[in-house]
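Have a look at the structure below before the remarks.
In this chain, residues are counted from 1 in sequence order.
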Amino acid sequence: MLIGLLTAVAASICYGTGSVLQAVGSRRAARMSPTAAGVTAHGGPNLSSTAKAAMTWEFIVGTILDFVGFGLGALAARLLPLFLSQTVISANLVITAVLSVKMLGIRLSRKEWASIGVVCTALVLLATAAGHEGGHHAPMSTHWWLLGITTLLMVGGTVAVRLLGGGAAILAGLLSGLGFGALGVGVRILDGVDPFDLATLLSDPALYAILLAGIGGMYLHTVALQIGSVNGATAALVVGETVLPGAIGVLWLGDASRPGLAWLAIVGFVMAVTGAVAVAWYGKHEGAEEEDAAAPVPQPVG
């Protein structure tokens, strides 16, 4: 349990630091581009502008940290109940918020700090209540369902975000979170890992769900950072990354709390999600405060 918790915390730090560095790179790329460049007809960033953001050194370092966080998070998903591992990893929201004060010049309100405090308290409750993790086996039909749903979320979500344009930051963050949540579930049920069997691993649909969820989730998170509040987008990601895999772990994979502490796990889980939603809501004011400094992608006229 302790090794799993330490691994999840390390993944959280990597993800949180990476998110802020990616936001710095995205906004620097936006400032260096002409006002109307890189914008779709609906006011959102096109693939070209996203690619330019991804070429900044800040974004590259942030992406490396994301990959390190992915490896640590995958290990944590195998060692802890999903409702605990995903929630601890999602606490990168706290790292993101604190670093955004220093690196993006964002001023957090008292309500935002209070919401972050709620998330931290919830993590303590969850760690206290968490019991053993369930099994790693799921029927092959579940692996195929995971691949199909992941494909629908990532492909359909990308199209929807491009159509909605500049107002889709929270949606992009939520969809990226759902992608990372699917990634956590895929890692948990992946065949051919223990014992290692390359043929079994490569033939498992869950492997391709993991790859698609990782790439699609990273793209959608980049879009969210380009067009909206870094804390708001990350908080929406927290909701998607936490709720679905947590429920799947309890309902289908046998994750459990300590005997007699199920109520504490439920309270902690609800507090974590509520706190993240609150940060997303109160973080909406960042867009107006950062407009001059960050030069976000403009909204469409009319």
Would you say the side chain of [Y] lies within less than 4.5 Å of the side chain of [X], judging by non-hydrogen atoms?
| X | Y | answer |
| --- | --- | --- |
| V185 | L82 | yes |
| F70 | I210 | yes |
| L202 | Y208 | yes |
| L220 | L171 | no |
| W263 | V267 | yes |
| P205 | M140 | yes |

Atom of [X], atom of [Y] and distance for their closest heavy-atom approach:
| X | Y | result |
| --- | --- | --- |
| G179 | A213 | O-CB, 3.1 Å |
| G275 | S115 | O-CB, 3.7 Å |
| G186 | L146 | CA-CD2, 3.5 Å |
| A77 | S85 | CA-OG, 3.9 Å |
| S176 | G217 | CB-O, 3.2 Å |
| G73 | A11 | N-CB, 3.7 Å |

Gap separating the [atom1] atom of [X] from the [atom2] atom of [Y], nearest 0.5 angstrom:
| X | Y | atom1 | atom2 | result |
| --- | --- | --- | --- | --- |
| F180 | Q86 | CZ | CD | 11.0 Å |
| W144 | D204 | CH2 | CG | 9.0 Å |
| Q22 | T63 | CD | OG1 | 4.5 Å |
| S12 | L123 | OG | CG | 8.0 Å |
| T242 | L84 | OG1 | CG | 11.0 Å |

Identify all side-chain donor-acceptor contacts of residues 243-252 below 3.5 Å with residues at least two apart in sequence or on another chain.
none

Does [X] sit in a hydrophobic cluster with other residues, and if so which ones, taking ILVMFWY side chains as linked at heavy-atom separations under 4.5 Å, directly or through other members?
| X | result |
| --- | --- |
| V68 | L72 |
| L152 | none |
| V124 | none |
| L2 | L6 |

Looking only at atom types and distance, does a side-chain atom of [X] sit under 3.5 Å from a main-chain N or O of [Y], one as donor and one as acceptor?
| X | Y | result |
| --- | --- | --- |
| R78 | R188 | yes |
| E112 | S109 | yes |
| D197 | T200 | yes |
| T142 | A138 | no |

Joint hydrophobic cluster, [X] plus [Y], side-chain heavy atoms closer than 4.5 Å:
| X | Y | answer |
| --- | --- | --- |
| L174 | M218 | no |
| L126 | I266 | no |
| L201 | L183 | yes |
| L264 | L5 | no |
| I149 | L253 | yes |

Original post:
Does T17 have any side-chain contact (heavy atoms from CB on, under 4.5 Å) partners at least two apart in sequence or in another chain, and if so, which?
Top reply: I13, L21, L65, I95, L99
Please list, chain by chain and in numerical order, all residues satisfying side chain to side chain donor-acceptor pair (under 3.5 Å) with [X], sequence neighbours excluded.
| X | value |
| --- | --- |
| E241 | S90 |
| S203 | none |
| D191 | none |
| T7 | none |

Original post:
Do other residues, nucleotides or ligands put more than 12 heavy atoms under 6.0 Å from the CH2 atom of W113?
Top reply: yes
Original post:
Can you list the steps and then say if D255 with L80 is a side chain to side chain contact (heavy atoms under 4.5 Å, CB included)?
Top reply: CA-CA 8 Å; D255 291 345; L80 297 172; over 6 Å; no
**OP:** List the steps and the verdict of side chain to side chain contact (heavy atoms under 4.5 Å, CB included) for I189 and H137.
**Re:** CA-CA 6 Å; I189 66 174; H137 175 73; over 6 Å; no
Subject >> Pairwise salt bridge (charged side-chain N to carboxylate O under 4.0 Å, His left out) hits with a residue in residues 114-132, at least two apart >> reply: none
Subject >> Summary of salt bridge (charged side-chain N to carboxylate O under 4.0 Å, His left out) pairs that have at least one residue in residues 55-66, sequence neighbours excluded >> reply: R28-E58
